[in-house]
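Everything on this sheet refers to the single structure shown next.
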Amino acid sequence: MLLHGFPHTKEIWREVEPLLVAAGHEVLMPDLRGTGGTQRTTGGYDAASLAMDQVRLLDAFAVRAAHVVGFDVGAAPAFALAAAHPDRVLSLTVVEAVISGLAGAEDFLSSGGPWWFGFHQAPDGLAESVLSGDEDRYLRFFLGIGSRAGVPEDLAQHVVRAYTGRDSLRAAFEHYRAMPANARWNRSWAERGRLTMPVTAVGASTVGDAPARQLTLIADHLDEHLIPHSGHLVPVDAPADLAAIVAATATRV
């Protein structure tokens, strides 16, 4: 189960998925709530609710448990799924993401974190009001800074279409507005909880070892990988490396 981030849809995995299939895996690549082909609901963007979306998806496909991969903001529901529903998660892989509320990422967040976190979290729809009508420029900014290899134009156009319109922007930013609630839930869980399944932390040139520093405090079986030649968009810049790491994690069960 591959969970994307922002500003992405399931198509961000298009180079990774065939490699995993070739390695003998069945792959689920859902659009997260409010993105891609999903409904732009008014609520349900906290990580616990998003994790339940994935539980329902597994149920719909009659899949008891999956190897779960969370990239960027997709790491929030991936972590919540592993923490709250460990029987549904065979292994957890966190890619280029900081888990809200967990210790270990202080160095990465020492300068206050990325500026757009606060912008996207602004109340009363400020971000979507500012950006409506200028989505192409804003979204291409993120794709540009995220990839060293360059995002193919057809993928960039797909992303722009997927996030164009005030309601699409609102739904995307609700994932960021849920981060304080996610942080509270994660801190409470981490006081007593442990991840007992195999866990892998994958960092690249942006987040680096921050996810490993966080997960080593709560994971019984942690493996760490750094891909320094990749930008933040690891599924675009280093799909073969990422697919190999995910496949290797699956063998640890």
Side-chain angles (χ1 to χ4, degrees), residues 3-9 12 32-36 40-51 70-80 94-147 151 156 159-160 162-190 201 203-211 213-215 231-234:
L3 304 181
H4 66 82
F6 171 87
H8 322 134
T9 71
I12 201 70
L32 294 181
R33 180 186 290 247
T35 69
R40 275 55 171 164
T41 59
T42 57
Y45 294 92
D46 61 285
S49 296
L50 296 173
F71 166 51
D72 190 74
V73 298
F79 177 81
V94 172
V95 183
E96 273 282 287
V98 170
I99 307 298
S100 298
L102 295 187
E106 291 80 9
D107 288 347
F108 178 76
L109 299 172
S110 61
S111 61
W115 60 265
W116 55 86
F117 278 34
F119 178 50
H120 293 173
Q121 291 173 6
D124 301 322
L126 174 64
E128 47 266 48
S129 294
V130 170
L131 296 171
S132 292
D134 204 14
E135 294 93 341
D136 185 279
R137 181 184 178 191
Y138 192 65
L139 296 166
R140 287 179 182 273
F141 163 78
F142 283 98
L143 298 178
I145 65 171
S147 173
V151 175
V159 166
V160 171
Y163 285 88
T164 292
R166 183 183 176 86
D167 207 37
S168 292
L169 292 172
R170 176 198 61 80
F173 300 151
E174 292 294 349
H175 289 265
Y176 288 85
R177 291 168 184 148
M179 285 180 176
N182 294 344
R184 291 190 294 272
W185 191 96
N186 292 342
R187 281 194 295 267
S188 177
W189 177 87
S205 60
T206 301
V207 179
D209 66 351
R213 289 177 177 272
Q214 290 188 302
L215 292 167
H232 177 62
L233 292 180
V234 181

Q214 side chain to I99 backbone, donor-acceptor under 3.5 Å: yes

How about S100 and R184: does a side-chain donor come under 3.5 Å of a side-chain acceptor? no

Would you indicate whether D124, at its atom CG, is surrounded by more than 12 heavy atoms from other residues, nucleotides or ligands within a distance under 6.0 Å? no

Set out, in order, the CA-CA distance, both residues' side-chain angles and the distance that settles side chain to side chain contact (heavy atoms under 4.5 Å, CB included) for F119 and L131, then state yes or no. CA-CA 11 Å; F119 178 50; L131 296 171; 3.8 Å; yes

Decide yes or no for Y45 and L32: does some side-chain heavy atom of the first lie under 4.5 Å from some side-chain heavy atom of the second? no

Side chain to side chain contact (heavy atoms under 4.5 Å, CB included) assessment of E174 paired with T41: CA-CA 10 Å; E174 292 294 349; T41 59; over 6 Å; no

Decide yes or no for H175 and F6: does some side-chain heavy atom of the first lie under 4.5 Å from some side-chain heavy atom of the second? no

Derivation and outcome, salt bridge (charged side-chain N to carboxylate O under 4.0 Å, His left out), residues R40 and E128: CA-CA 14 Å; R40 275 55 171 164; E128 47 266 48; over 6 Å; no

Which atom pair, heavy atoms only, marks the closest approach of L102 to A190? CD2-CB, 3.8 Å

Should F108 and D209 count as side-chain neighbours, where that means a heavy-atom distance under 4.5 Å? no

Correct closest heavy-atom pair for P77 and A51 would be O-CB, 3.8 Å

Side chain to side chain contact (heavy atoms under 4.5 Å, CB included) for T9 and V159? Distances and angles first, verdict last. CA-CA 7 Å; T9 71; V159 166; 5.6 Å; no

Quick one: closest heavy-atom pair of A105 and V98, and the distance? CB-CG1, 3.7 Å

State whether the number of non-hydrogen atoms from other residues, nucleotides or ligands found under 6.0 Å of R213 atom CZ is greater than 12. no

Centres of the F79 and W189 rings: under 6.0 Å? yes

Y138 vs F142 aromatic rings, parallel, tilted or perpendicular, using cut-offs 30° and 60°? perpendicular

Please report the closest heavy-atom contact between E96 and V234, naming both atoms and the distance. CG-CG2, 3.8 Å

For the residue pair H120 and F173, does the interplanar ring angle fall in the parallel (under 30°), tilted (30 to 60°) or perpendicular (over 60°) class? parallel

